[in-house]
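Remarks on the structure that follows.
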Amino acid sequence: MQRLLFPPFRALKGRQCLQLLAPRAAPRAQCDCIRRPLRPGQYSTISEVALQSGRGTVSLPSKAAERVVGRWLLVCSGTVAGAVILGGVTRLTESGLSMVDWHLIKEMKPPTSQEEWEAEFQRYQQFPEFKILNHDMTLTEFKFIWYMEYSHRMWGRLVGLAYILPAAYFWRKGWLSRGMKGRVLALCGLVCFQGLLGWYMVKSGLEEKSDSHDIPRVSQYRLAAHLGSALVLYCASLWTSLSLLLPPHKLPETRPLLQLRRFAHGTAGLVFLTALSGAFVAGLDAGLVYNSFPKMGESWIPEDLFTFSPILRNVFENPTTVQFDHRILGITSVTAITVLYFLSRRIPLPRRTKMAAVTLLALAYTQGSVLFNFILKISDLDEGIRNI
């Protein structure tokens with residue numbers, strides 16, 4: 001980690017910008033003008049090495065500091081991606097409602113004795129998920145789902161520390177420019193908001209609903225907001241990191257290039273919308289309604305597409321409509337990525353831009369093929385159950 005974040009000292013050694021931070025008089029001008037000496041505590045450069053009050057304070061040159069900050073944000077974006085993946089696993093194992101309270105520090109220590117585990121299990125038994133869905137669950141099974149949710153929460157705290165602690169250090173050292181300070185503050189604020197939003201989402205699945213005997217689940221609206229904010233945090237961190245680490249290419253602003261850039265922005269928005277639609281599918285368990293592709297059951301357009309009133313409610317609360325919309329958005333996203341790839345081949349672009357277009361196309365079709373095979377396996381399983 002030290003080798004990743006900090007450049008070798010040998011590369012910095014000998015640079016002219018590494019100077020003692022001591023107040024120094026202005027150099028003599030060639031003319032007869034006399035410049036005033038700097039006031040005590042005023043320094044001639046920003047990126048210097050200081051010895052103040054017997055204590056050394058190192059401030060890197062601007063380019064070296066940018067590389068350090070860029071690598072830090074790259075690591076942070078990786079931790080956010082890990083949190084999203086772990087959250088998906090927690091969702092698939094139906095573990096998200098196993099921890100029925102939230103404490104920033106207290107819950108970091110898991111139960112250790114048999115008495116503590118039994119007390120935790122008794123708290124879980126007071127909530128709808130146990131009463132309706134897991135009423136025959138054993139303590140051993142409860143430990144599994146509890147540890148799944150616990151690992152997700154602890155990883156979230158790790159993400160918060162990965163952002164906040166280095167940000168405070170870089171800020172104090174003066175390695176952040178004025179514009180970068182605003183970005184870092186926004187990223188750290190979004191991390192804190194993400195944690196609060198996660199508990200707000202879980203809380204919706206712990207509420208008693210007297211008029212419903214359905215399987216307890218979190219609000220699909222809050223789940224989509226939780227996932228959406230995580231994606232925004234990931235993309236913003238990765239974008240800022242790459243803008244610091246990779247030198248920008250200066251290309252002529254031709255009309256095809258501007259069209260490609262606008263189309264790329266539109267494709268990114270479409271992919272983001274598709275991901276949010278997937279959160280609604282997960283929140284409603286809408287993926288279990290129809291398990292055939294490309295048709296939904298025996299028809300292309302299911303009959304129960306607009307059964308809720310008003311009609312707009314179907315888009316967010318009707319499982320059939322939510323799955324239908326997600327299919328349409330997914331197909332449209334893959335089509336847009338394909339068009340984006342072919343448009344990029346018609347324009348002379350840098351090598352890394354072409355590699356990014358190829359990688360995006362490969363990931364899109366890999367995602368589609370995995371989902372298609374999953375639907376086929378579910379369909380075969382359902383057919384096998386019917387034939388029993």
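In this chain, numbering begins with 1 at the start of the sequence shown.
- Side chains of Leu165 and Tyr169 form no contact here, defined as non-hydrogen atoms less than 4.5 Å apart.
- A donor-acceptor pair under 3.5 Å is formed between the side chain of Ser204 and the backbone N or O of Ser219.
- Within a 6.0 Å sphere centred on CD1 of Ile311, heavy atoms belonging to other residues, nucleotides or ligands number 12 at most.
- For the pair Gln220 (side chain) and Phe316 (backbone), a donor-acceptor distance under 3.5 Å is present.
- Although no hydrogens or angles enter the test, the distance criterion places a donor-acceptor pair under 3.5 Å between the side chain of Arg222 and the main chain of Tyr200.
- Taking the side chain as every heavy atom from C-beta outward, Pro166 and Leu161 never approach each other to under 4.5 Å.
- Geometric assessment of Arg327 against the ring of Phe293 yields a negative cation-pi assignment under the 6.0 Å and 45° thresholds.
- A distance of 10.5 Å separates NE2 in His152 from CZ in Arg157, rounded to the nearest 0.5 Å.
- The CZ atom of Arg123 sits 9.5 Å away from the CE atom of Met99 when rounded to the nearest 0.5 Å.
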- Show the numbers, then the answer: is there a side-chain contact (heavy atoms from CB on, under 4.5 Å) between Val218 and Arg91? CA-CA 10 Å; Val218 300; Arg91 176 71 188 176; 3.8 Å; yes

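- Between the side chains of Glu118 and Gln114, at least one donor N or O sits under 3.5 Å from an acceptor N or O.
- No side-chain N or O of Ser277 forms a donor-acceptor pair with one of Asp325 less than 3.5 Å apart.
- Checking side-chain atoms of Arg313 against main-chain N and O of Asn318 turns up no donor-acceptor pair under 3.5 Å.
- Rounded to the nearest 0.5 Å, atoms CD1 (Ile347) and CZ (Arg261) are 10.0 Å apart.
- In this structure, OH on Tyr124 lies 12.0 Å from CG on Leu139, to the nearest 0.5 angstrom.
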- Report the C-alpha separation of Phe324 and Leu329 in whole Å, then their side-chain angles, then the decisive distance to 0.1 Å, and conclude whether the side-chain contact (heavy atoms from CB on, under 4.5 Å) test is met. CA-CA 9 Å; Phe324 180 81; Leu329 287 171; over 6 Å; no

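- Looking only at distances, a side-chain donor or acceptor of Ser229 sits under 3.5 Å from a matching main-chain atom of Ala225.
- Nearest approach of Ser237 to Leu187, heavy atoms of both residues: OG-CD2, 3.8 Å.
- Enclosure of atom CD in Glu317 by more than 12 non-hydrogen atoms of other residues, nucleotides or ligands within 6.0 angstrom is indicated.
- When all heavy atoms of Gly287 and Val281 are compared, the closest pair comes out as N-CG1, 3.5 Å.
- Counting heavy atoms from C-beta outward, Phe142 and Phe130 have side chains that stay 4.5 Å or more apart.
- Residues Glu116 and Thr112 have side chains that bring a donor and an acceptor to within less than 3.5 angstrom of each other.
- Residues Val159 and Cys76 fail the side-chain proximity criterion, which asks for heavy atoms closer than 4.5 Å.
- Here the closest non-hydrogen pair linking Leu361 and Ile337 is CA-CG2, 3.9 Å.
- Taking the six-membered ring where tryptophan is involved, the planes of Tyr150 and Tyr147 are perpendicular, since the angle between them exceeds 60° and thus also 30°.
- Rounded to the nearest 0.5 angstrom, Leu257 CG and Arg346 CZ are separated by 13.0 Å.
- Considering only heavy atoms from C-beta on, Val84 stays 4.5 Å or farther from Tyr234 through its side chain.
- The shortest distance between side-chain heavy atoms of Thr138 and Glu141 falls below 4.5 Å.
- No side-chain donor-acceptor contact under 3.5 Å links Ser344 to the backbone of Ala357.
- Remark: of the listed residues Leu245, Leu244, Thr240, Leu74, Leu244 is the sole one forming a side-chain contact (heavy atoms from CB on, under 4.5 Å) with Val69.
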- Message: Working note: Phe263 + Leu343, criterion side-chain contact (heavy atoms from CB on, under 4.5 Å); need CA distance, chi angles, decisive distance, verdict.
- Response: CA-CA 9 Å; Phe263 192 83; Leu343 288 177; 4.1 Å; yes

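- Looking at every heavy atom in both residues, Ala279 comes nearest to Ala224 through CB-CA, 3.6 Å.
- In this structure, Ile328 is not a member of the same hydrophobic cluster as Val271, with clusters built from ILVMFWY side-chain heavy atoms closer than 4.5 Å.
- The backbone N or O of Gly70 lies less than 3.5 Å from a partner atom in the side chain of Ser241, making a donor-acceptor pair.
- Annotation: side chain of Arg217 is not in contact with side chain of Glu129 (no heavy-atom distance under 4.5 Å).
- In this structure, Ser333 OG and Phe272 CZ are separated by 12.5 Å, a value rounded to the nearest 0.5 Å.
- When the shell of 6.0 Å around NZ of Lys203 is examined, it contains 12 or fewer heavy atoms from other residues, nucleotides or ligands.
- A ring-centre distance under 6.0 Å is found for Phe280 and Tyr221.
- Criterion: ILVMFWY side-chain heavy atoms under 4.5 Å apart, direct or through other members. Under it, Phe306 and Val315 are not part of a common hydrophobic cluster.
- When the side chains of ILVMFWY residues are joined at heavy-atom separations under 4.5 Å, either directly or via intervening members, Phe193 and Tyr163 end up in a single hydrophobic cluster.
- Leu73 and Val68 fall within a single hydrophobic cluster, where Ile, Leu, Val, Met, Phe, Trp and Tyr are joined by side-chain heavy atoms under 4.5 Å apart, directly or via other members.
- Classification of Arg153 and Glu149 as a salt-bridged pair holds, one side-chain N sitting under 4.0 Å from a carboxylate O.
- Shown here is Met355, whose CE atom has no more than 12 heavy atoms of other residues, nucleotides or ligands within 6.0 Å.
- When the shell of 6.0 Å around NZ of Lys109 is examined, it contains more than 12 heavy atoms from other residues, nucleotides or ligands.
- Trp72 contributes no side-chain N or O that, together with a main-chain N or O of Arg67, makes up a donor-acceptor pair within less than 3.5 Å.
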- Item | side-chain contact (heavy atoms from CB on, under 4.5 Å) assessment of Trp102 paired with Val202 | CA-CA 10 Å; Trp102 188 88; Val202 171; over 6 Å; no

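- The pair Glu208-Lys131 meets the salt-bridge criterion, since a charged nitrogen lies less than 4.0 angstrom from a carboxylate oxygen.
- Between Gly205 and Leu97, the shortest heavy-atom distance links the atoms O-CD1, 3.6 Å.
- Side-chain contact between Ser151 and Leu86 is present, with heavy atoms from C-beta onward closer than 4.5 Å.
- For Ser95 and Thr90, the side-chain atoms include no donor-acceptor pair closer than 3.5 Å.
- Of all heavy-atom pairs spanning Ser243 and Arg183, the tightest one is OG-NH1, 4.0 Å.
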